[in-house]
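In what follows, a single structure is set out as structure tokens and then discussed.
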Amino acid sequence: MLLGPPGAGKGTQAQVIADRLGVPAISTGDIFRANVSGRTELGLQAKSYMDAGDLVPDEITVAMVKDRLAEDDAKGGFLLDGFPRTIAQAEQLRDSLHELGQALDCVLELVVDEDELVRRLSGRRVLVDGQWVQRDDDKPETVRHRLQVYREQTAPLSGWYDSEGLLTQIGAIGAVEEVTERAMSALETCGGARPDGPSAG
Ligand code: AMP
């Protein structure tokens, strides 16, 4: 699982690391955005929270992840990006994985100071229908709110996973490739990079 504030580079790293490990990257933010674009019921439920920079309620998010984890491609392992984001989500994830006979191997926290995060998020542009646009939730006032939500609701997961013996912190400033190498070496020590590991995460 990749933990870290908005703008830490979780999405970018998740794609590369999941590719190297040969497992799917499961990003709750991406799943929500796809549902918003597709105007599904789930997208309609999530949109107002996302636009405000708030977390989508746990019951909606957890049900969505449970369905995703039960798909075939997640049976041999997976990389979570952007989930869990609250202690309640982490507890429910642990229970769901237990039911599936799985457990997280490793939680990697990407550490970046807040000035750098604000700089990255306000300059970020994403490709939509062939055009580079700013995500609505990357507007300056929403960015500040998302960072506050992170501090209050998600940052406590760092201590929670540390007490479970699963946490490794890595500095996430530098070139994408450098951060990937730090992540891959960290995964080796916590067991997540085992190609034939007994569990997933
Ligand atoms: P992200 O792309 O991970 O920054 O997520 C974008 C937005 O999707 C967040 O600001 C939340 O509104 C929503 N979201 C993504 N993951 C979660 C989660 N685990 N719990 C609640 N809301 C989430």
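Both ligands and their constituent atoms are indexed starting at 1 by order of listing.
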Requested in this report: Heavy-atom contacts with Phe83 under 4.0 Å: which atoms of ligand 1 show up? List them by number with element.
Outcome: 19 (N)
Query raised in the report: Which residue supplies the protein heavy atom nearest to atom 8 (O) of ligand 1, what is that atom called, and how far is it?
Result: Met50 CE, 3.7 Å
Query raised in the report: Considering distance alone, does some N or O of Tyr49 sit under 3.5 Å from an N or O of ligand 1?
Result: no
Query raised in the report: Quick one: does ligand 1 sit under 4.0 Å from the side chain of Thr61, the backbone, both or neither, non-hydrogen atoms only?
Result: side chain
Query raised in the report: When you check the gap from the basic side-chain N to the acidic O, do Arg119 and Asp115 get nearer than 4.0 Å?
Result: no
Query raised in the report: For residues Asn35 and Thr40, is any side-chain donor paired with an opposing acceptor at under 3.5 Å?
Result: yes
Report summary line: Those residues at least two apart in sequence (or on a different chain) that pass salt bridge (Lys or Arg N to Asp or Glu O under 4.0 Å) with Arg20 are Glu181
Query raised in the report: Under 4.0 Å between a Lys/Arg side-chain N and an Asp/Glu carboxylate O for Asp95 and Lys66?
Result: no
Requested in this report: Note the single closest protein heavy atom to atom 6 (C) of ligand 1, along with its residue, its atom name and the distance in Å.
Outcome: Arg33 NH1, 3.5 Å
**Report entry** CA sep, side-chain torsions, deciding dist, call: Gln153, Thr86, side chain to side chain donor-acceptor pair (under 3.5 Å)
**Finding:** CA-CA 6 Å; Gln153 302 195 53; Thr86 64; over 6 Å; no
Query raised in the report: Just by distance, with hydrogens left out, do Asp54 and His145 show a side-chain donor and acceptor under 3.5 Å apart?
Result: yes
Requested in this report: Specify the protein heavy atom at minimum distance from atom 20 (N) of ligand 1: its residue, its atom name, and the distance to 0.1 Å.
Outcome: Gln89 NE2, 2.9 Å
**Report entry** Heavy atom of the protein closest to atom 23 (C) of ligand 1 (residue, atom name, distance)
**Finding:** Phe32 CE1, 3.8 Å
Report task. Distance to 0.1 Å, residue and atom name: give those for the protein heavy atom nearest to atom 19 (N) of ligand 1. Result -> Gly82 O, 2.9 Å
Query raised in the report: What residue and atom, counting heavy atoms only, is the protein's closest point to atom 4 (O) of ligand 1, and at what distance?
Result: Arg85 NH2, 3.2 Å
Report summary line: Judged by heavy atoms only, the candidate from Thr28, Leu2, Thr154 nearest atom 16 (N) of ligand 1 is Thr28
Report task. Please write down residue, atom name and distance for the protein heavy atom closest to atom 22 (N) of ligand 1. Result -> Val56 N, 3.0 Å
Report task. Of the side chain and backbone of Asp54, name the one, both, or neither that has a heavy atom under 4.0 Å from an atom of ligand 1. Result -> backbone
Query raised in the report: Looking at Arg146, which atoms of ligand 1 are within less than 4.0 Å of one of its heavy atoms?
Result: 4 (O)
Query raised in the report: Is any side-chain N of the basic residue among Arg144 and Glu141 closer than 4.0 Å to the acidic one's carboxylate O?
Result: no
**Report entry** Proximity of Arg135 to ligand 1 by residue part, where a heavy atom lies under 4.0 Å
**Finding:** side chain
Report task. For Thr180, enumerate each residue passing the side chain to side chain donor-acceptor pair (under 3.5 Å) test, keeping only those at least two apart in sequence or located in another chain. Result -> Gln13
Query raised in the report: Is it true that Asp138 and Arg146 make a salt bridge, defined as a side-chain N closer than 4.0 Å to a carboxylate O?
Result: yes
